[in-house]
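Worth knowing before you read on, the calculation uses all heavy atoms, side chains too, and leaves out hydrogens, waters and symmetry mates.
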Amino acid sequence: MTKQERAMNTRHALIRSAAQAFDQHGYTRAKLAGISAGAGVSTGALHFHFDTKAAVAAAVETEAARILHAVARRVHRRSPCALQAMVDTSHAFAQQLCWDVVVRAGFHLNSRTSHAAETDLLQEWLECVRRYLTRAAKEGTILAGASAEDMTATIIGATIGFEGLARRDREWLSRPTLSSLWRALLPRLATPETLARLEPAGTESALSAAGGSAAPAPGGWEDTAREGAARELPRD
């Protein structure tokens, strides 16, 4: 193993340890000594990679963003239409938030910690939903009287609310819970012909592409992150 590979492995271990510390204790109570110990390295090794706790947190957020971008793009390619892609992406994100402590901690830090972040994941999800609805309107799959802005607000409010509630009860991010949301919303949004083809529980091919058939192996987030070369959620 080269020196560069060892440094990369140490950095990955520190990011995962930091995510676990932030997820368990919150940003304020997480300690650098605990993060370095969790990664099996000295505090000196931690400071070689990160100057401050804020820098560690920023790295966790960046990794979380890369993973979500990669997942969203893979789901987007597999979903048959814009409305199904929106449903599938919401399920894939919920699964990542449940399984992956880096995604969970990074999303929480990004949306609730007061600091200047490289990306705004909440805003990106909002824009992603808007793009899906715009594309669906072009496809002719949305009811004539449906308001895209009203539906965007409803979807964002519900899904972000589920993420917050899931910090105490992970069931809020379960597939059945999210499926119930889409069963309630889709009849108010999709044309009857489109509704008959939609899967509120998500399409298996798209969720499998996102790693949705089983929890990823330990450390698997690193491979997922490397696939996320693009720094944004899917565009048309």
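Checking side-chain atoms of Thr177 against main-chain N and O of Leu173 turns up no donor-acceptor pair under 3.5 Å. Checked by atom type and distance alone, the side chain of His91 pairs as donor or acceptor with a backbone atom of Pro200 at under 3.5 Å. Side chain of Thr141 to main chain of Ala190: no donor-acceptor pair is present (N/O by atom type, distance under 3.5 Å, no hydrogens or angles). Side-chain atoms of Lys31 do not come within 3.5 Å of backbone N or O of Ala21 as any donor-acceptor pair. The backbone N or O of Glu61 lies less than 3.5 Å from no partner atom in the side chain of Asn110, so there is not a single donor-acceptor pair. At distances below 3.5 Å, not a single donor-acceptor pair connects side-chain atoms of His76 with backbone N or O atoms of Ala72. A donor-acceptor distance shorter than 3.5 angstrom exists from the side chain of Glu139 to the backbone of Ala82, with no hydrogens or angles considered. Using modelled atom types, one side-chain atom of Ser90 and one backbone atom of Val87 make a donor-acceptor pair closer than 3.5 Å. For Gln84 (side chain) and Cys81 (main-chain N/O), no donor-acceptor pair under 3.5 Å exists by modelled atom type.
The distance from atom CG of Leu189 to atom CG of Leu133, rounded to the nearest 0.5 Å, is 6.0 Å. Note that CG of Leu185 and CG of Leu181 are 4.5 Å apart. Values are rounded to the nearest 0.5 Å. Atom CG in Leu14 sits 6.0 Å away from atom NE2 in His49 (nearest 0.5 Å). Atom CG of Leu68 is separated from atom CG of Leu121 by 6.0 Å, given to the nearest 0.5 angstrom. Residue Gln20 holds its CD atom at 6.0 Å from CZ of Arg16, rounded to the nearest 0.5 Å. Between the NE2 atom of His69 and the SG atom of Cys128 there is a distance of 9.5 Å, given to the nearest 0.5 Å.
Listed by first and then second residue, the salt bridge (Lys or Arg N to Asp or Glu O under 4.0 Å) pairs that reach into residues 186-203 come to none, sequence neighbours excluded. The ring-ring contact (aromatic ring centres under 6.0 Å, His included) analysis of residues 147-169, with sequence neighbours excluded, yields the pairs Phe162-Trp172.
In this structure, the side chains of Phe50 and Ile15 come closer than 4.5 Å at one or more pairs of heavy atoms. A heavy-atom distance below 4.5 Å is not found between the side chains of Glu163 and Leu122. For the pair Arg167 and Arg104, the minimum side-chain heavy-atom distance is below 4.5 Å. Between Ile155 and Trp182 there is a side-chain heavy-atom pair separated by less than 4.5 Å. Proximity of Gln95 to Leu207: side-chain heavy atoms (C-beta onward) are separated by under 4.5 Å at one or more points. Between Val75 and Phe93 the shortest side-chain heavy-atom distance does not fall below 4.5 Å.
Residues Val60 and Ala18 share a closest heavy-atom pair of CG2-CB, 4.0 Å. What you find for Thr43 and Ala33 is that their closest heavy atoms are CG2-CA, 4.1 Å. The minimum heavy-atom distance between Lys53 and Tyr27, with the atom names listed, is NZ-O, 2.8 Å. Scanning both residues, Ser42 and Ser36, for their nearest heavy atoms gives O-CB, 3.7 Å. Closest approach of Gly34 to Ser17, counting heavy atoms only: O-OG, 4.0 Å. Between Leu143 and Pro192 the shortest heavy-atom distance is CD2-CD, 4.1 Å.
The side-chain hydrogen bond (donor to acceptor under 3.5 Å, both in side chains) test applied to Thr194 returns Thr191, not counting sequence neighbours.
Within 6.0 Å of the CZ atom in Arg168, the count of heavy atoms belonging to other residues, nucleotides or ligands does not exceed 12. Sparse packing is recorded around CD of Gln4, with 12 or fewer heavy atoms of other residues, nucleotides or ligands lying under 6.0 Å away.
For His12 and Glu63, the side-chain atoms include no donor-acceptor pair closer than 3.5 Å. For Arg131 and Thr134, the side-chain atoms include no donor-acceptor pair closer than 3.5 Å. Defined by atom type and a distance below 3.5 Å, a donor-acceptor pair is present between the side-chain atoms of Thr119 and Glu124.
Two different hydrophobic clusters hold Phe48 and Val56 under the rule that ILVMFWY side chains link at heavy-atom gaps under 4.5 Å.
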Requested in this report: Determine, stepwise, if the pair Ile35 / Phe22 fulfils side-chain contact (heavy atoms from CB on, under 4.5 Å).
Outcome: CA-CA 9 Å; Ile35 292 170; Phe22 293 141; 4.3 Å; yes
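Look at Glu149 and Arg130 and you find a salt bridge, because one of the NZ, NE, NH1 or NH2 atoms lies within 4.0 Å of a carboxylate O, short of that distance.
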